[in-house]
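Each remark here refers to the structure printed beneath this line.
Counting begins at 1 with the first residue of the sequence.
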Amino acid sequence: CQYSQNVFSIINSVQITEKNAEPEKTLLTYLRRNLGLTGTKLGCAEGGCGACTVMVSKYHPYQNRIIHYAVNACLAPLCSLHHCAVTTVEGIGSVASKLHPVQERIAKAHGSQCGFCTPGIVMSMYALLRNNPQPSMHDIQEAFQGNLCRCTGYRPILEGYRTFTKDGGCCGGKGQSNGCCLTNGHTQEHDNSTLSAQKLYDQSEFMPLDPTQEIIFPPELMVLSKQPQRELRFAGERALWIQPCSLEELLELKATYPNAKLVVGNTEVGIEMKFKNLLYPVILAPAYIPELNIIQNTQDGIQVGASVTLTVLGDVLRAAVKKLPAHQTEVFKAVLEQLRWFAGQQIRNVAVCHVPEDKKKTILKPEEILLSIEIPYTRKYFSAFKQSPRKEDDIAIVTCGMNVFFKEQSNIVQSIRISYGGMAPVTVLATATCNRLLNRQWNEELLEEACTSLVEEMSLSPSAPGGMVTYRRTLTISLFYKFFLNVQIYQHLAASSVHYVLADKSKSCHDRTLFLCLQAVPPGHNSDDVVGQPIMHLSALKQATGEAIYCDDIPCYENELHLALVTSTKAHALIKSIDTSDAMAVPGVVAFISAKDIPGSNMTGPVVYDETVFADDKVTCVGHIVGAFVADTQAHAQRAAKAVKISYEELQPVIVTIQDAIANKSFFQPVRSIERGDVAQGFKDSDHILHGEMHIGGQEQFYLETNCTLAFPRGEDGEMELFVSTQSASKTQALVAKALGVPANRVVCRVKRMGGGFGGKESRSTILSTVVAVAAHTVKRPVRCMLDRDEDMLVTGGRHPFFGHYKVGYMNNGKVMALEVMLYSNAGNSLDLSLSILERALFHMDNSYNIPNIRGTGYMCKTNLPSNSAFRGFGGPQGMMIAESWMSDVALSCGLPAEEVRRMNMYKEGDFTPFNQRLDKFTIDRCWEECMQLSDFNKRKDAVEQYNRQHRWTKRGLSIIPTKFGISFTAAGALVLVYSDGSVLLTHGGTEMGQGLHTKMVQVASKTLGIPCSKIHITETSTNTVPNTSPTAASASSDLNGMAIYNACQTLLQRLQPYKDKNLKGCWEDWVTYFDRVNLSANGFYKTPDLGYDFETNSGKPFNYFSYGVAVSEVEIDCLTGSHKNLHTSIVMDVGKSLNPALDIGQVEGGFMQGLGLFTLEELRYSPDGYLYTRGPGMYKIPAFGDIPIELKISLLRDTPNEKAIFSSKAVGEPPLFLAASVFYAIKDAITAARAESNLTGPFRLDSPATPERIRNACEDKFTKLCPPADPGTFIPWAVQV
């Protein structure tokens, strides 16, 4: 047949015809660069974060209906959208015209903080509602499995969207007596107390959803879709894309191009081409071939075509499970259970059953294709298991499928099959074990035999790729044991003992409940006073419609170029030569920029100049920036960067881990220490002394918007304007000026907003900004670079890993008398902010406990890793985590309840810290009592103990943890301009990264000037309005900038006072008339009083005040696999008098969830030679929607004004993060209960994060004994603990 070379589709109701579409171009690039639709965001480029979600609609000839589904635009090839309609976030509503209810509700429910993930979440929800206008909470959770958010902690998003469900969400206590969350037994116990649940928004204001008003499927596409299809062919620069329309054509093409790739969803090939640098010159797209789309029932099962998507497969199987008798559908149920945890909804909507040839070695010859697969009915006992680091959307560590068939009327094995994935490069059958078990009775003896046999058969080299060798070997037998028990239940062989063994599945994860207790607005509060009101984030609506502009959303300049970094592949080496000849031959490449192009100084760094903009002759980490290419498109620049050839001479030693650094004495100076009391005497007076150690892993900031800089050379006097995603505009300005060799007054740095920062854009954002600025200066054209997620994770570093060694002296009753702590942090290859981070760790080594005799020493390890940097908490969480570790050891050694030992050692009002600062207004005891009450601690503890008596292989744990976080930072400025129409333009030194700083600052100005918020506007942060600003960091930006704005507003009010007095009945507009030549612009400035501390003399005041909080958490662990569930968390936080309870609760939840990631999920994996494996959401797991506690209660402590900050508020950004340690120690409590079953008691080491691997290995039992780890030093591990 004739073939066509045009893609015809309709995007947001506009017809688009793309002639000769480029096969390598994704829908995302096309939307953003060709159509200027920047609402759809790039978060990871691998379909793992959902920021790029859009809805695709098409007529499906085989289902004979129109289907709507969410897809990842970052993977969807433009070529695959022929005859499809695409709807982006801009297409459903806008602030300017009319909002869609999906956009309105996420914003008004405070579910958008930085807003970068919001368009993707909006589109996932929108696609769900198009298919199901009244979904259940279960449907909503499933729709969000492929979406990540780093700011909110997810709860407000789910709460806002609960209003679309059949039960319609929360009624605010106004009825629905049986369906109301307040009466469902979650708050009866508090009826007599002062606590009551409160809403942060009024649900009755929400626009109703009217499904009849949605955009219809374009009729012209309907007509085209029903006509006979033609073959499509698109020839690009490097690839040929062919979409055949019949099976014969496909087979002919496969014969002609045996190595061609078959692509339906592009979820695998797209990632290989991007990340593995593979090129497939011919791509065949068989999505529309009838034979590959069949679904039919056969006598043995269901036959499914190879192009049927996983979502459709799921629907078919669910229908079959409902219809057929239960014993026939065991396999279907197992497939459904696996599908539920496979990838996210957006991937399942396009991914197909057909397995890519190279991923799993298959029996297909090159010219063959897979036509269909058959899923059989069950005639035997069948189970399938998958174990992965995170439950939702995660790659398995080990999977297995097992079935057994018994002889008639007996429990004698006739046939058995056991297969495992994750134990070898391919799926393996345990044939030897299966043969041994034939004709045996299904009993304990068979179990013993199977376990010993499996251990031998499923062996793994200790250096196996993927690591976790002991855990994977243990899993093979633990999962077989689960299968063994399941079969026993089916057979009712051991009904009595089995209950004691398996968990109850009664608590569904979808029925999350929530209880918020805010500070009541005091009586007599003026309704015009907006401070203390839960005002929505000022940009939330724009963020929900995609109209909020981030750095990379700024339209391209006429002659703009794109930049890609060239980074080192060696951790420690000399650069011998750089060959750019192949790279310069790539189309569109303009220049290679390296150290020789720098007009000013190559030396850079946030505090000391110990780094280079470009590596000159030596590289000191994998990911060290060596140079950069500029080209006409990002794709060309990146292709050039991959084509460059660098030869190295490797140097020794390569220092990667903290232990390497200690062995090689590789430290940055100075070594810091704090000491108080007589430590030696303290140990003499103690009844007992214990030693212990703990390692705390690092953490990637994973802001959804990666680092981005746009540099625009002005062409005269060396002037340059930069648009940057940074927390530190002034530092960016200074370091760019230094690199360009011009004074700072020639460089302007502008920040509109960031898609998240968390400390990662405080100092490390400058490594990109300086490179882009030098490139723009060299080519004399605007240059843009937004890093891809894998580059960002590689080059920017993250939270410092810490290793702590401690010696504690304590009395029999648990009172701690003396403590000596050694802290080591892994600083990476430069100093960056590591000294301040180490100092903060030492300042928090006591957490909230009064230790009379204490000495802490801190070392910064210099290693061959990218420099680690600031991250929410800034060393505080690491210092406090070590404190809780020895506290838990003391409680375990004494055999006393941990909460009693913690309470006994806690500070009281008026005590002094190890750095001799007096604790005034100390509220932790109040937080503690309220949290015990809010969580019903004692009742909960009894229930946990009872549960653990009844269950052998699942255990629950409970923990309560306090936190004390010191707040101090330097100074801030503000500029307030009043225009003659009465409108006010506010500028201050702080940047907006989702924390709602601009919103709070408008509230402060509104209250001070006595005018409504609608008259005040903040446009951006820039170095030409407020100079020499501190970075927006250390939680103190509201304190500092709020005071600076207050100061500027007071100046203006003084100038206007005479006019007020003359015209008392007048209004604001009357007083600000400019006729009288009054200066209506005022600068404000504020610096924190009497700060300063001297380590030599241990005197001075390092902190202005402290923020306090307490959390209780309950978890359940699976002792066989190491998985855990977060059942409950209660948090009581002292935030002074909240400026905005909605934003503050958002910070508490978001900080808590980031801490949950730090302590239980997120693991950076490095090879022994310093190569980072975890470079994106595929390998690096941040918390997802399903990780929030099933029950979550948050209360802000009342009546605790803090006179040290603006309007008696307190800093709230960092303090709540550490409260997630309550989950870690609840897990440790559950493991303690599991170890008791094997008669193991007393302290044990559990490093952070408490991943399934660490949990399983700590629950020692008969299965772990069968799989002892190899001796260290006898092998080279795949990954090391840095």
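The existence of a salt bridge linking R855 and E820 is confirmed by a sub-4.0 Å separation between a basic side-chain nitrogen and an acidic carboxylate oxygen. The existence of a salt bridge linking E705 and K761 is confirmed by a sub-4.0 Å separation between a basic side-chain nitrogen and an acidic carboxylate oxygen. Between K596 and D616 there is no salt bridge, since none of the side-chain N atoms of the basic residue sits less than 4.0 Å from a carboxylate O of the acidic one. A salt bridge links E721 and R750; the closest N-O separation between the charged side-chain nitrogens and carboxylate oxygens is under 4.0 Å. The pair E992-R753 does not meet the salt-bridge criterion, since no charged nitrogen lies less than 4.0 angstrom from a carboxylate oxygen.
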task = Could you go through the side chain to side chain donor-acceptor pair (under 3.5 Å) check for S834 and H800 one step at a time?
result = CA-CA 8 Å; S834 299; H800 287 62; 2.7 Å; yes

inquiry  = Between E839 and R672, is the salt bridge (Lys or Arg N to Asp or Glu O under 4.0 Å) condition met? List the steps.
reply    = CA-CA 7 Å; E839 288 172 357; R672 285 279 188 241; 2.7 Å; yes

inquiry  = Working note: L787 + C785, criterion side chain to side chain contact (heavy atoms under 4.5 Å, CB included); need CA distance, chi angles, decisive distance, verdict.
reply    = CA-CA 6 Å; L787 294 180; C785 179; 3.9 Å; yes

task = Could you please spell out the steps behind the side chain to side chain contact (heavy atoms under 4.5 Å, CB included) verdict for L1156 and L1161?
result = CA-CA 7 Å; L1156 188 84; L1161 265 176; 5.7 Å; no

inquiry  = side chain to side chain donor-acceptor pair (under 3.5 Å), that's the test. Do N1104 and T1088 meet it? Break it down for me.
reply    = CA-CA 7 Å; N1104 191 27; T1088 315; 5.3 Å; no

query = For Y1173 and S1167, what are the C-alpha separation, side-chain angles and deciding distance, and is it a side chain to side chain donor-acceptor pair (under 3.5 Å)?
reply = CA-CA 7 Å; Y1173 294 121; S1167 76; 4.5 Å; no

Residues K618, E650; criterion salt bridge (Lys or Arg N to Asp or Glu O under 4.0 Å); working and verdict = CA-CA 10 Å; K618 184 164 135 185; E650 294 192 48; over 6 Å; no

request  = Please report the C-alpha distance between V748 and Q733 in whole Å, then the side-chain angles of each, then the deciding distance to 0.1 Å, and finally whether the side chain to side chain contact (heavy atoms under 4.5 Å, CB included) criterion is met.
outcome  = CA-CA 6 Å; V748 177; Q733 174 194 32; over 6 Å; no

task = Please report the C-alpha distance between Q1147 and R872 in whole Å, then the side-chain angles of each, then the deciding distance to 0.1 Å, and finally whether the side chain to side chain contact (heavy atoms under 4.5 Å, CB included) criterion is met.
result = CA-CA 11 Å; Q1147 288 297 297; R872 199 175 198 160; 3.2 Å; yes

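Across all their heavy atoms, A641 and A564 have their closest contact at CB-CB, 4.2 Å. For D1169 against A571, the heavy-atom pair with the smallest separation is O-CB, 3.4 Å. The shortest non-hydrogen separation linking T796 to N707 is CG2-ND2, 3.5 Å. Taking all atoms of both residues into account, the shortest heavy-atom contact from R789 to T706 is CZ-CG2, 3.7 Å. Summarising the geometry of S730 relative to P1027, their closest heavy-atom pair is OG-C, 4.3 Å, with the distance given to 0.1 Å. Residues L722 and A773 approach most closely at CD2-CB, 4.1 Å, considering heavy atoms.
Using a 3.5 Å distance cut-off with no hydrogens or angles, the side chains of S825 and Y859 do not pair a donor with an acceptor. S1030 and T970 share a side-chain donor-acceptor pair at under 3.5 Å. Between N1098 and E675, the side chains place no donor N or O within less than 3.5 Å of an acceptor N or O (distance only, hydrogens not considered). Of the N and O atoms on the side chains of T1021 and T991, not one donor lies less than 3.5 Å from an acceptor on the other residue. Using modelled atom types and a 3.5 Å distance limit, the side chains of S1022 and N1024 yield a donor-acceptor pair. No hydrogens or angles considered: nothing links the side chains of H695 and S1248 as a donor-acceptor pair under 3.5 Å. Looking only at atom types and distance, the side chain of S869 has a donor-acceptor partner in the side chain of D832 under 3.5 Å away. Side-chain contact annotation: N602 with T612, donor-acceptor N/O pair under 3.5 Å absent. Residues Y1180 and E700 bring no donor and acceptor atom of their side chains to less than 3.5 Å of each other. Defined by atom type and a distance below 3.5 Å, a donor-acceptor pair is present between the side-chain atoms of D792 and Y703. With hydrogens and angles left out, the side-chain atoms of S830 and E611 include a donor and acceptor closer than 3.5 Å. S728 and T726 share no side-chain donor-acceptor pair at under 3.5 Å. Judged by distance alone, the side chains of Q699 and E1162 do bring a donor and an acceptor atom under 3.5 Å apart.
Residues Y1171 and Y1166 keep their aromatic ring centres 6.0 Å or farther apart. Centroid-to-centroid, the aromatic rings of H844 and F965 come within less than 6.0 Å.
With sequence neighbours excluded, no residue forms a salt bridge (Lys or Arg N to Asp or Glu O under 4.0 Å) with D1039.
Residue pairs that meet the side chain to side chain donor-acceptor pair (under 3.5 Å) test with at least one member in residues 766-775, sequence neighbours left out, are T709-S769. Applying the side chain to side chain donor-acceptor pair (under 3.5 Å) rule to pairs touching residues 735-748 yields S601-K738, sequence neighbours excluded.
Using a 4.5 Å heavy-atom threshold, the side chains of L865 and V656 count as touching. In this structure, S885 and Y806 have side chains that are in contact, with non-hydrogen atoms separated by less than 4.5 Å. Between L1158 and R799 there is a side-chain heavy-atom pair separated by less than 4.5 Å. The shortest distance between side-chain heavy atoms of F592 and D597 does not fall below 4.5 Å. Between I767 and V771, the closest side-chain pair of non-hydrogen atoms is not below 4.5 Å. Two residues are said to be in side-chain contact when any heavy atoms from C-beta on lie closer than 4.5 Å; V566 and I646 meet this criterion. Annotation: side chain of V774 is in contact with side chain of F614 (closest heavy-atom distance under 4.5 Å). Within the 4.5 Å cutoff, side-chain heavy atoms of Q659 are placed close to those of F803.
One finds the CG atom of L1172 at 8.5 Å from the CE atom of M1179 (value rounded to the nearest 0.5 Å). Between the NE2 atom of H572 and the OG1 atom of T620 there is a distance of 7.0 Å, given to the nearest 0.5 Å. The NZ atom of K862 sits 12.5 Å away from the CZ atom of F667 when rounded to the nearest 0.5 Å.
Relative ring orientation between F1106 and F915 is described as tilted, the plane-to-plane angle lying within the 30° to 60° band. In this structure, F1218 and F1159 have perpendicular ring planes: the angle between them is above 60°, well past the 30° mark. Ring pair F843/F1103 is perpendicular by interplanar angle, where above 60° counts as perpendicular and below 30° as parallel.
Because its NZ or CZ atom is not both nearer than 6.0 Å to the ring centre of F275 and within 45° of the ring axis, R1175 does not count as a cation-pi partner of that residue.
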